[in-house]
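First the structure, in the form of structure tokens, and then the observations on it.
When reading the values below, keep in mind they use all heavy atoms of this one structure, side chains included, and skip hydrogens, waters and symmetry mates.
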Amino acid sequence: MKNLLKTYEIKTDAEYYEIICASLINGQREQAKNQFLAMPKAKRKDFTIWLLDNQEPLIHINHVIFFINLI
């Protein structure tokens with residue numbers, strides 16, 4: 001995960017998660033999928049929990065299900 005954060009020049013996992021969401025929002029589903037799969041499996045789980053735990057959903061529940069199915 002450290003390499004991903006360094007590549008995107010960010011400091012936290014949450015910032016990376018927001019990048020994935022931005023990809024989806026911008027219609028770049030394949031890019032979001034690749035960004036998701038680039039994370040270690042444990043971080044993929046953390047990401048889906050992070051999505052579900054947000055008070056204001058960043059993406060539609062169907063996208064959350066999409067990511068869960070990729071784990």
Side-chain angles (χ1 to χ4, degrees):
M1 191 69 182
K2 289 181 183 181
N3 289 338
L4 290 172
L5 299 179
K6 186 176 181 179
T7 298
Y8 285 89
E9 299 179 355
I10 54 177
K11 296 184 189 256
T12 66
D13 294 351
E15 288 175 294
Y16 187 74
Y17 300 162
E18 289 171 0
I19 289 171
I20 297 171
C21 291
S23 293
L24 269 178
I25 291 166
N26 293 326
Q28 298 169 332
R29 187 178 173 119
E30 191 66 26
Q31 179 177 324
K33 176 183 174 183
N34 292 334
Q35 291 165 330
F36 178 78
L37 292 175
M39 291 189 291
K41 189 173 185 176
K43 292 295 180 180
R44 294 179 205 166
K45 291 179 181 181
D46 289 345
F47 171 72
T48 54
I49 292 167
W50 178 83
L51 285 174
L52 294 170
D53 194 37
N54 267 324
Q55 296 299 319
E56 295 183 32
L58 299 174
I59 59 175
H60 191 273
I61 190 68
N62 289 340
H63 290 122
V64 177
I65 294 168
F66 167 76
F67 286 121
I68 289 171
N69 287 327
L70 292 174
I71 296 177

How far does CD of E15 sit from CD1 of I20, to the nearest 0.5 angstrom? 12.5 Å

Side-chain donor-acceptor distances from residues 58-71 under 3.5 Å, at least two apart:
from : atom 1 : to  : atom 2 : distance (Å)
H60  : ND1    : N62 : N      : 3.0
N69  : ND2    : I65 : O      : 3.3

Would W50 and K43 count as a side chain to side chain contact (heavy atoms under 4.5 Å, CB included) if you check the C-alpha gap in whole Å, the side-chain angles of each, and the deciding distance to 0.1 Å? CA-CA 10 Å; W50 178 83; K43 292 295 180 180; over 6 Å; no

Measure the CZ-OG1 distance between R44 and T48 for me, rounded to the nearest 0.5 Å. 11.0 Å

Among all residues two or more places apart in sequence or in another chain, which pass the side chain to side chain contact (heavy atoms under 4.5 Å, CB included) test with N34? E30

Side-chain heavy atoms of Y16 within contact of M39, under 4.5 Å: yes

Which residues share a side chain to side chain donor-acceptor pair (under 3.5 Å) with S23, sequence neighbours left out: Q31, Q35

To the nearest 0.5 Å, what is the distance between CZ on F47 and CG on D13? 11.5 Å

Whether the side chain of N26 engages the backbone of A22 through a donor-acceptor N/O pair (distance < 3.5 Å, no angle test) should be reported. yes

